[in-house]
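Data first, discussion second: the structure below is written as structure tokens.
Throughout, protein chains are lettered first and strands after them, A, B, ... in sequence-line order, and every chain is numbered starting at 1. Computation of the quantities below employed the complete heavy-atom set of this structure, encompassing side-chain atoms and omitting hydrogens, waters and symmetry-equivalent molecules.
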2 protein chains.
Amino acid sequence: MPEQRPHGSVWFRADERPARPRLSRERIVTAAIELLDAEGVEGFSMRRLAARLHAGTMSLYSYVATKEDVLDLALDAVMDEIELDGEDAPPKHWRADLTGQLVQSRRVMQRHTWITALIGTRPLLGPTSLARSERFYAALERAGLSGPELVAAVSTLFSYVHGYVAAENVWRSRVGTREDELDLRRRAQRHVVAHADRYPALARNAGLDRVGPGPDGGADLGGAGLGDADPGDADFGDAAFGDGFARGLDLILDGIEAALGRGTVRGAP
Amino acid sequence: MPEQRPHGSVWFRADERPARPRLSRERIVTAAIELLDAEGVEGFSMRRLAARLHAGTMSLYSYVATKEDVLDLALDAVMDEIELDGEDAPPKHWRADLTGQLVQSRRVMQRHTWITALIGTRPLLGPTSLARSERFYAALERAGLSGPELVAAVSTLFSYVHGYVAAENVWRSRVGTREDELDLRRRAQRHVVAHADRYPALARNAGLDRVGPGPDGGADLGGAGLGDADPGDADFGDAAFGDGFARGLDLILDGIEAALGRGTVRGAP
DNA sequence: ACGGATTTCCGTACAGTGCACGAAAGGCGG
DNA sequence: CCGCCTTTCGTGCACTGTACGGAAATCCGT
């Protein structure tokens, strides 16, 4: 029914016809993040997004060229939930600074699990992402790195965090309530233990920590050991706790520190 | 036209009616990998897959419950392209062994760029993936690690490789010919340099290596410096070359080695 | 040799997608 | 009051995953 009356012919119309640009890029992106949080990346569609904004689907396309664009924008926008505890604090030691930044990153990626899925799909070139990287490079330069060593260090740390959280999120990527996640992990663990003949080492170490798979995906199975505190707001701002994330991070930072002492980051032989 | 004649009523039919199960899980998975290689994960559809097999779309569903299943199977199947240069070679030093495995993993993930996208989406519990992980755990146990340290080390290495290659692949994830990839990288680099006021450290180090973004995606921009040899078959089986991957890997391995010498992997303070 | 029963295929249908096109409806200047 | 411009959005198209049910080919018991 394509509008058979001028606009609906109600008797008391009140103050409708709100006028100008109801929509905006910002409103769209905000709604997109909400939708992604609620429905995950595979539940995200332009129609649903429009519905959430009480707008027609095609209205969005005046502000955004494609769905991909929306995802790019949402991804960049969500990045500035990473608080950089800016000017008040005095310049921390580089190690504490880096740790803080990475722990924050993890927290955000846990809060919005779709991030890890999207990152694996597109380069991050938005202003917020670039600013975050800038800050990271700066910190490592202050630490004394430069040139290829610098680049390698940044790359390593970033890759680690991304890979680690991706592995964490994988378990709850489905619509999963937390129940489902634990279920899946337990089920996986039991599966490996049941085939302990085929995977002895795996079975031996199953359930020791909240591991994460990896390059080939990996096999961990994290037995919810000490689980990860609620991604929401748990306080692990200091990092260096019992969970595998902090351990691995320290491992890498040790490597960097050692290289620093040596004056170079162990170039290729 | 739903078959108006028994089967087509040709006079010379030869020996058609080939008989039993034309299709099979294996055939489907093989074709799926080919299709993924050719069209990427977003160009993958059940209809296209069926066409490639000269079968009706719905025929696939006798062998597989959902599209997701096909992706799970393809992902696991492609994992055994990781050659483990098995029994002939004598047991290498753990470090060389690990490096070899990870370099192989990277190569496979480069050959099939869709892997990195899929990994970020599902846990890997297939037999091949588990076998790979098993081997990895075993190697690190031989090195002398155990308990949470073991788990942390595995997790770190896996996360690193996954994150690193994901960052690499991101640039060519689009239908991208290699031309497109270089183009995109160069464009990104120029963009950062053009805003050197906003991103000084970034601009200073742009184009130094074939970096990789990270947790938040990162910002690198790899100026194709020494690019990465053709993912196809270039020989960098020894690793430890000039590229960032080997550098970062060595960094982590240094950390592990140091921890080994110390007797523990630096537990939480 | 023949008539089910079983197994394999697959055409059709349906609800959903991203987006091209062009029409409508509101605000504005004259 | 008239055009004009901006913003909104209905409709349509090509495509997706997959539920359903029917057709064909094979096997098996007699």
Side-chain angles (χ1 to χ4, degrees), chain A residues 1-10 13-28 31-32 35-36 39-74 121-122 174-175, chain B residues 1-10 13-28 31-32 35-36 39-74 121-122 174-175:
Chain A
M1 85 193 50
E3 217 76 2
Q4 54 245 80
R5 274 146 326 152
H7 186 257
S9 128
V10 202
R13 189 73 56 75
D15 58 341
E16 301 196 31
R17 298 304 100 229
R20 298 311 271 293
R22 292 201 314 113
L23 260 39
S24 74
R25 231 169 217 229
E26 212 187 311
R27 259 168 64 62
I28 291 178
L35 181 55
L36 283 165
E39 308 280 359
V41 66
E42 79 278 16
F44 177 89
S45 85
M46 293 303 267
R47 283 196 239 263
R48 284 238 251 272
L49 178 54
R52 211 165 245 267
L53 289 160
H54 306 294
T57 310
M58 293 316 288
S59 306
L60 306 180
Y61 285 90
S62 320
Y63 298 88
V64 145
T66 68
K67 178 191 184 184
E68 291 300 290
D69 278 10
V70 180
L71 294 176
D72 281 339
L73 290 169
T121 272
R122 70 202 69 234
R174 289 275 148 248
V175 275
Chain B
M1 91 196 43
E3 217 78 2
Q4 55 246 77
R5 267 134 349 137
H7 184 256
S9 124
V10 202
R13 187 74 58 73
D15 57 341
E16 300 195 29
R17 298 306 100 224
R20 294 317 268 288
R22 291 202 313 112
L23 260 40
S24 74
R25 233 169 216 232
E26 212 187 312
R27 260 168 63 62
I28 291 178
L35 181 55
L36 283 165
E39 308 280 358
V41 65
E42 78 277 17
F44 177 89
S45 85
M46 292 304 268
R47 283 197 238 264
R48 285 237 251 271
L49 178 54
R52 211 165 245 266
L53 290 160
H54 306 295
T57 310
M58 292 315 289
S59 305
L60 307 180
Y61 284 90
S62 319
Y63 298 88
V64 143
T66 68
K67 178 190 183 183
E68 290 300 290
D69 278 11
V70 180
L71 294 177
D72 280 340
L73 290 169
T121 271
R122 70 202 69 232
R174 288 277 147 246
V175 274

How close or far is atom P of C/dG18 from atom CG of A/Asp69, stated in whole angstroms? 13 Å
Using the side chain to side chain contact (heavy atoms under 4.5 Å, CB included) rule, take A/Val41 and B/Thr121 through it: C-alpha gap first, then chi angles, then the decisive distance, then the call. CA-CA 10 Å; A/Val41 66; B/Thr121 271; over 6 Å; no
Please identify each residue that fulfils salt bridge (charged side-chain N to carboxylate O under 4.0 Å, His left out) with A/Arg27, with sequence neighbours left out. none
Check against side chain to side chain contact (heavy atoms under 4.5 Å, CB included), B/Leu60 and B/Leu53: CA-CA 10 Å; B/Leu60 307 180; B/Leu53 290 160; 3.9 Å; yes
Specify the separation, in whole Å, of atom NZ of B/Lys67 and atom P of C/dG16. 17 Å
Between CZ of A/Arg25 and P of D/dT7 the distance, given in whole Å, is 14 Å
Can you spot which of B/Val70, B/Val64, B/Asp69 makes a side chain to side chain contact (heavy atoms under 4.5 Å, CB included) with B/Thr66? B/Asp69
What is the separation between atom CG on B/Leu23 and atom P on D/dA25, rounded to the nearest whole Å? 17 Å
Euclidean distance, atom CD of residue B/Glu68 to atom P of D/dT18 [Å, nearest integer]: 8 Å
Report the distance from atom CD1 of B/Ile28 to atom P of D/dT18, rounded to the nearest whole Å. 13 Å
Using whole Å, report how far CZ of A/Arg47 lies from C1' of D/dT11. 11 Å
Counting side-chain heavy atoms from CB outward, which of C/dT17, D/dG17, C/dC9 is closest to B/Ser45? D/dG17
Of the options C/dC9, D/dT8, C/dG18, whose atoms approach the side-chain atoms of B/Arg22 most closely? C/dC9
The correct set of residues in residues 54-61 of chain B placing a heavy atom under 4.0 Å from DNA chain C is B/Ala55, B/Gly56, B/Met58, B/Ser59
Between B/Arg52 and B/Ala31 the two heavy atoms that sit nearest each other are CD-O, 4.1 Å
Output the rounded distance in Å from CD (A/Glu42) to P (C/dG16). 16 Å
Find the distance between OH (B/Tyr61) and CG (B/Leu23) and round it off to the nearest 0.5 Å. 13.0 Å
